[in-house]
Amino acid sequence: MEWLERSTKVESPGVLKAGNPNKSLAYWQGRKTEIAQIQQWLTNKNTFLIGIEGIGGTGKSMLATKIYDEIEGFPKRFWADVSNGAGFSDLARQVLSEFGFPVPEQEAQLVEALVGCLRSGQFLLIIDNLESLLQPDRQWGSLFYGDFFQAWVEHGGNSKIIVTSRERPELKGFEWLTLKGLQVNEGVALLTVLGIRGDLTQFVELVDGHPLLLRLVADLLKAEYSQDPDLSRLADLGLGNLRQFLTDSQVVGVHRRENVGMVLVLDASFNRLNELQKALLLNISVYRGAVDSAAAVAMLPGSSAPEIEKELRNLVKRSLLVDKFNGKQRFDFQPVILEYVRYQAGDQSEAHQKAIDYYRSIAKQPPWKTKDDVKEYLEIFDHFYQLQDYNSAFDTIWICDDFLTLRGYYADKVELYGQLVSKWEEIGARENWNYQAAALTSLGNAYHSLGQYQRAIEFLQQSLEIKREIGDRNGEGKSLNNLGNAYDSLGQYQRAIEFFEQSLGISRQIGDRNNEGNSLNNFGNAYNSLGQYQRAIEFHQQSLEISREIGDRNGEGNSLNNLGNAYNSLGQYQRGIEFHQQSLEISREIGDRNGEGSSLNNLGNAYDSLGQYQRAIEFFEQSLGISRQIGDRNNEGNSLNNFGNAYNSLGQYQRAIEFHQQSLEISREIGDRNGEGNSLGNLGNAYDSLGQYQRAIEFHQQSLEISREIGDRNGEGNSLGNLGNAYDSLGQYQRAIEFYQQSLEIKREIGDRNGEGASLNNLGNAYNSVGQYQRAIEFHQQSLEISREIGDRNGEGNSLNNLGNVYNSLGQYQRAIEFYQQSLEIKREIGDIRGEAIVWFNLGLSLENVNRESDALGAYRNARELYQAMGLDAKVQDCNNAIERLSQPQTLVVSRRGFWVWLHRLWRWVRSWFRQ
């Protein structure tokens, strides 16, 4: 009885079986009352979730199949069998794809996507064997199912969800139908159609009409006594005491009686099998889900394939297996029979090892493109896990760790490594600590990739403690580096630096030059984030020297890329391009496709900063192609975001939105919360450029919420700045100032000098808009000082331009001209043609105001030439309008009367370019 009264829990992530029931209704009988009740719920607009509950074998899945096949309405239907613990992402992706909806594969976003899909029409979703997803306490064992059902209960729609389960989850909102056995007349009808004779009424009453039990008895009789399948022959099959057992006063309760009957009938059925049939059942029960004949043959190599296939079909005839057709014939167990067979099998270590050998023999070799390509490794992982050989399970998943990372399967990594970590903690085996620490590190890095930085820190901290306890100084240094990166992502740069310092000290102490170089590179990245670019360059330079010294070409390329980023931050774009180009050459030389894609992206960003947008787009295209070729979803999303930024600069806002939307979908698919926030921010900027300010605010607000959720202070500051820009565009300057002030406080708190300068510039622009010119000048002057302090030539040029704008507003045109000229010199020096064009145009406006029309014409023409080179047709037209106006002196006086109206029209656009 033990096997029937426990629930099989599949701890390892499974694979969704099929999108259809694969169940025959050939011998369907009765259930009219139950069908009528479900039909009533299906037509009730206030019912969203329907549950069919009952013990194993009562026909829950068959009743659901009857509804699925024959119910009216619901033009789109999906059947999901989750008996092998299918992850929510697998279910949701297939449902969305089947119903023709976009598939954001990341699990957190899939909840919203699937709910939205179901709300949009009248669909029927049936989830069979829901108990497989529940823990013993009836809580959800697989990620996101609880969130999905809760969201569906709260929002609902015209679609309906039906689940079958042996247990009810801890969730309100279901309408539950408790399914019992067939009515006596229905049970009699079933036995009759199956060709069984005898006192049918008495037998149906004895087993309480349990459908599977009736079917097993009927098939047993037909198999053994095909000429005379009479119930009186049960005694010959060892079931003569069935009535005695089922009517014993100690067998209390309907379920208890049905369970006893099931055990007795299954015992009788099993005992009548030949040795090959028994061996087949016992061995193939180790597999998860349906198997084909080849998998069965692998378990019994001494038998021929034709023999195995024949006996599989015979087991189907006895209802001990069910056959399924999904492109090819496969065989599966009913859950209650699977539990019985596994109980009979006892120790299945040998069968698990055979399954491992079989999957190894058919496992695909790299390169892999989809998770389906590594499914054999996931199965091998599960069999090692069931064998409690957790070290081998780790080694198996480690084979495809890089692939899972590149493809963005972070949630899968969390589940896989999470299981191992839980087990190692449970058994407390010190000899596994090396594995434990590695799994904790992988788990922490996966959470980092998901943007769940605090959770990442928890696991990375545990890994660090183990490394320290076992005296692994090398591993300790690496753990400290990983922790530093997590805190860097949170915008806690000083805390990150503390970890990098500790890592660096250990690396130097033990002579680990490789990790020393990594620590120095990380130092550089942190100081770059802090706006301390010269300090960053020093660290990247030291890292570069170490990489060259030890012959680490990969590390050398990384250091060169980071140096390029630092020089880009300084506005020294040509110098940055030189470093990125060197990095690109190394990546191509050593065949590092990932590094090649990163270098191309960085080159594109540098050319974008120079206003060479078409050149930038060429690099982004190359990077995107590589990312898609190698399956690097993270860098693919980055490339798409960069595409969007370039097209936004070109004024092709709808095109920009398309790219940012694609990037957003990828970030959600791979669970990159940080990337999701960035994409939302970029979408907000694009809609701001389109003049759709409320839409922009919505995106910036979503981005802000994500930054706060994951604790990203830097991202929070950026989102607040973007919200300020949107409200500034709406003319709500005081609201804008509030957001800019909040952004400034965060930038100062985290020590981001560059961000502090940008916030000060934004505040200056806002105060200029409300006519508080002296206050505006103070903010721009502070921003200018920061730019000069940190060596940011681009920022310095922007601040000088903004000061020119304020003095222009004050009517101090000569002073404005001086600032524009200083800004112009910097823009030309660093090769920023976009910035140069804007400053030329602004200079032209001030020159007009001091009646230097000839010089103003020259300024407008210079601006036009640069805009033509960038392909900005709308800006070229603005320049042409200014030139045409100045070329008609007879209308000059009249034009001056409308000048300020015209100037105001351009003002928003000009300022938007100099928001930092």
Side-chain angles (χ1 to χ4, degrees), residues 2-10 12 14-18 20-24 54-62 64-65 79-86 128-133 164-166 210-213 215-216 219-220 223 259 262-263 265-270 272-273 276-300 308-309 311-326 328-346 348 351-352 354-355 358 379 382-383 386:
E2 175 189 351
W3 67 270
L4 261 175
E5 293 178 347
R6 70 171 187 258
S7 180
T8 301
K9 300 300 171 197
V10 181
S12 187
V15 179
L16 192 65
K17 281 186 174 180
N20 59 76
N22 278 320
K23 298 182 188 297
S24 171
I55 66 169
T58 52
K60 301 181 295 296
S61 299
M62 293 301 294
T65 301
W79 181 283
D81 183 351
V82 297
S83 58
N84 290 296
D128 194 23
N129 297 304
L130 188 75
E131 72 278 352
S132 299
L133 305 175
T164 71
S165 182
R166 280 188 265 172
H210 190 281
L212 180 58
L213 203 156
R215 184 66 187 266
L216 285 168
D219 289 340
L220 176 61
N259 287 347
M262 183 69 70
V263 172
V265 172
L266 284 173
D267 279 343
S269 298
F270 188 78
R272 304 294 292 190
L273 300 177
L276 180 54
Q277 290 171 338
K278 289 179 182 178
L280 261 178
L281 283 179
L282 295 175
N283 281 277
I284 67 173
S285 66
V286 299
Y287 287 116
R288 299 192 296 171
V291 296
D292 57 18
S293 58
V297 169
M299 286 293 171
L300 299 168
I308 296 291
E309 291 172 2
E311 297 302 355
L312 286 171
R313 288 192 291 272
N314 285 334
L315 289 169
V316 171
K317 291 178 181 178
R318 289 176 175 264
S319 292
L320 294 172
L321 288 177
V322 292
D323 59 348
K324 297 185 174 182
F325 293 89
N326 191 15
K328 63 186 295 188
Q329 188 174 30
R330 302 170 74 84
F331 302 90
D332 202 357
F333 288 92
Q334 291 224 38
V336 68
I337 296 176
L338 177 62
E339 291 178 23
Y340 171 83
V341 173
R342 284 180 173 172
Y343 182 79
Q344 289 293 328
Q348 292 185 289
H352 279 299
K354 288 179 181 178
Y358 168 67
E379 294 303 323
D382 176 68
H383 288 290
Q386 300 301 332

Rounded to the nearest 0.5 Å, what separates atom [atom1] in [X] from atom [atom2] in [Y]?
X: D128; Y: S61; atom1: CG; atom2: OG; result: 3.0 Å
X: S83; Y: L338; atom1: OG; atom2: CG; result: 8.5 Å
X: L312; Y: K317; atom1: CG; atom2: NZ; result: 12.5 Å
X: L315; Y: D219; atom1: CG; atom2: CG; result: 11.5 Å
X: L276; Y: E311; atom1: CG; atom2: CD; result: 5.0 Å
X: Q334; Y: M62; atom1: CD; atom2: CE; result: 8.5 Å

- Query: Is T164 reaching over with its side chain to a backbone N or O of N129, donor-acceptor style, under 3.5 angstrom?
  - Reply: yes
- Message: Donor-acceptor pair, distance only, cut-off 3.5 Å: does the side chain of H383 make one with the backbone of A351?
- Response: no
Given side chains that start at C-beta, do those of [X] and [Y] come closer than 4.5 Å, heavy atoms only?
X: L216; Y: L212; value: yes
X: L273; Y: F270; value: yes
X: V341; Y: L320; value: no
X: R318; Y: L220; value: yes
X: L321; Y: L281; value: yes

Shortest non-hydrogen separation from [X] to [Y] and the atoms involved:
X: L213; Y: H210; result: N-ND1, 3.1 Å
X: R166; Y: G56; result: CD-N, 3.5 Å
X: D382; Y: R288; result: OD2-CD, 3.2 Å
X: A298; Y: Y287; result: CB-OH, 4.3 Å
X: R330; Y: A290; result: NH2-O, 2.9 Å
X: K354; Y: M299; result: NZ-O, 3.0 Å

- Task: Check step by step if side-chain contact (heavy atoms from CB on, under 4.5 Å) holds for Q344 and D267.
- Result: CA-CA 10 Å; Q344 289 293 328; D267 279 343; 3.7 Å; yes
- Item | Evaluation steps, side-chain contact (heavy atoms from CB on, under 4.5 Å), between Q277 and N314 | CA-CA 8 Å; Q277 290 171 338; N314 285 334; 3.6 Å; yes
- Item | Pairing residues for S285 by the side chain to side chain donor-acceptor pair (under 3.5 Å) criterion, not counting sequence neighbours | Q348
